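Computed from a prediction, not measured in an experiment: that's the story for all the values here. Each chain gets a letter, A, B and so on, in the order its sequence line appears, and its residues count up from 1.
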Number of protein chains: 2
Amino acid sequence: MELTSNPAVKAEKTMGLPVFDTDMCAEDMDRMAANAMKASNFLKAIGHEGRLMILCHLASGEKSVTELEDLLSARQAAVSQQLSRLRLEGLVNPRRDGKAIYYSLADDRAKQIMEVVYDLFCREE
Amino acid sequence: MELTSNPAVKAEKTMGLPVFDTDMCAEDMDRMAANAMKASNFLKAIGHEGRLMILCHLASGEKSVTELEDLLSARQAAVSQQLSRLRLEGLVNPRRDGKAIYYSLADDRAKQIMEVVYDLFCREE
DNA sequence: TGTACAATTCACATATTCATATTATGTATT
DNA sequence: AATACATAATATGAATATGTGAATTGTACA
């Protein structure tokens, strides 16, 4: 696969991914690099044991920070910082209810990745 | 979603992901944490602009280190190190042919993730 | 208003990641 | 064997990420 969204790329091969050889123009390379940067930022955001477990728990419904704190056996400040990162990345949404703040999954991006991750790392054996 | 592979988890909800509430036993939590660690290591490996672009280029066929060096406009040592990381993670395989070493994608894991990443970051707009 | 609780933010120490330079290894060629 | 080339491995410092404790903000309630 490659990371341009240029409609002029070659026809698809075995999978749903576009294919290209060595005939990319500089513009394509730039777009590819830009996309790669966005994508790697996203992957870094979810590439953390604690944050991954948070997303995982949120998939079954919204949770307060203290609930997550218990579920992860982690300190409040740490959980809060991890949530902060996920918030910045637009992956979760906070909702205040009284003293507690409940977090939920924000969009489908995390869900889509998590589904693949689940298949790869939690279903096999 | 959650990261256990316990068959006793609740029925699936909207997506293909299992759901659970607060009734996980310690054993489940351990398995989940172990899976989360494996998964986050994997995500860290591909969550790097250079490595992502390498995987991306390899998706269209095996490439030598010098070819990748040119494609990424990166130094030899850097590319080699990134390949080394991908090798350790089992994502790519080297094949020696004379002086050159050709790398190719090792398994489907990378491809599966990359396909989703491509949809999320290279198709939209 | 004062107190308790939930969550965030800050400042710091530590750990990890990364890029670069340098050195080493393996292969072909002479 | 000697040399050149392609790649790998190692070492070092800079940058980044992470966890911890203390201080801070926001909310509810007496």
At under 4.0 Å, does any side-chain N or O of B:Thr66 touch on OP1 or OP2 of D:dT7?
yes
Apply salt bridge (charged side-chain N to carboxylate O under 4.0 Å, His left out) to residues B:Arg75 and B:Glu69 and explain how you reach the verdict.
CA-CA 6 Å; B:Arg75 307 270 174 99; B:Glu69 208 179 316; over 6 Å; no
With a 3.5 Å distance limit and no angle check, can you tell me whether B:Arg51 reaches the backbone of B:Lys44 through a side-chain donor-acceptor pair?
yes
Between B:Lys99 and B:Asp97 (side chain of the first, backbone of the second, donor and acceptor by atom type, cut-off under 3.5 Å), is there such a pair?
no
Can you check nucleotides 12-18 of chain D for protein contacts, nitrogen or oxygen pairs under 3.5 Å, and list what you find?
unit_1, atom_1, unit_2, atom_2, d
D:dT18, OP1, A:Arg51, NH2, 3.2
D:dT18, OP2, A:Arg51, NH1, 3.3

For every nucleotide of nucleotides 24-30 of chain D, 5' to 3': is a protein heavy atom under 4.0 Å from its base (B), only from its sugar-phosphate (S), or from neither (-)?
--SBS--
Is A:Tyr103 touching bases, backbone alone, or none of the nucleic acid, heavy atoms closer than 4.0 Å?
sugar-phosphate
Would you say the side-chain atoms of B:Tyr103 and B:Arg95 include a donor-acceptor pair closer than 3.5 Å?
no
Under-3.5 Å donor-acceptor pair between B:Gln76 side chain and D:dA8 base:
yes
In whole angstrom, give the distance that lies between atom CZ of B:Arg95 and atom P of D:dA6.
16 Å
Mark yes or no for whether B:Glu67, through its side chain, and B:Ser64, through its backbone, hold a donor-acceptor pair below 3.5 Å.
yes
For B:Ser84, report the nucleic acid contact type (base, sugar-phosphate, nothing); a contact means any heavy atom under 4.0 Å.
nothing
When the distance from CD of A:Glu69 to C1' of D:dG19 is rounded to whole Å, what number comes out?
14 Å
Does either side chain, that of B:Arg96 or that of B:Tyr102, offer a donor lying less than 3.5 Å from an acceptor on the other one?
no
C:dT8 C1' sits how many Å from A:Leu68 CG, rounded?
15 Å
To the nearest Å, how far apart are A:Tyr102 OH and C:dT8 P?
13 Å
With a 3.5 Å distance limit and no angle check, can you tell me whether B:Ser40 reaches the backbone of B:Ala36 through a side-chain donor-acceptor pair?
yes
Given axes from five pairs at either end, by how many degrees does the helix from C:dT1-D:dA30 to C:dT30-D:dA1 bend, rounded to 10°?
20°
Considering non-hydrogen atoms only, spot the tightest contact between B:Phe42 and B:Ile113 and give its length.
CE2-CG1, 3.4 Å
Return the value, rounded to whole Å, for the distance between atom CG of B:Leu86 and atom P of D:dA9.
14 Å
From D:dA8, D:dA6, C:dA21, pick the nucleotide closest to the side chain of B:Ala100?
D:dA6
Nearest heavy-atom neighbours spanning A:Leu43 and B:Gly47:
CB-CA, 3.7 Å
In whole angstroms, the gap separating C1' of D:dA8 from CD1 of B:Ile54 amounts to 14 Å
Where B:Pro94 and B:Ile101 come nearest, the two heavy atoms and their spacing
CB-CG2, 3.8 Å
Given the options B:Leu86, B:Ile54, B:Leu58, B:Leu83, B:Leu91 meets side-chain contact (heavy atoms from CB on, under 4.5 Å) only with B:Leu86
Distance, rounded to the nearest Å, where A:Asp70 contributes CG and C:dC5 contributes C1':
14 Å
Value in whole Å for how far the P atom of C:dT17 lies from CG of B:Asn41
9 Å
Would you please test A:Leu72 and A:His57 for side-chain contact (heavy atoms from CB on, under 4.5 Å) and show each step?
CA-CA 9 Å; A:Leu72 302 191; A:His57 279 109; 3.9 Å; yes
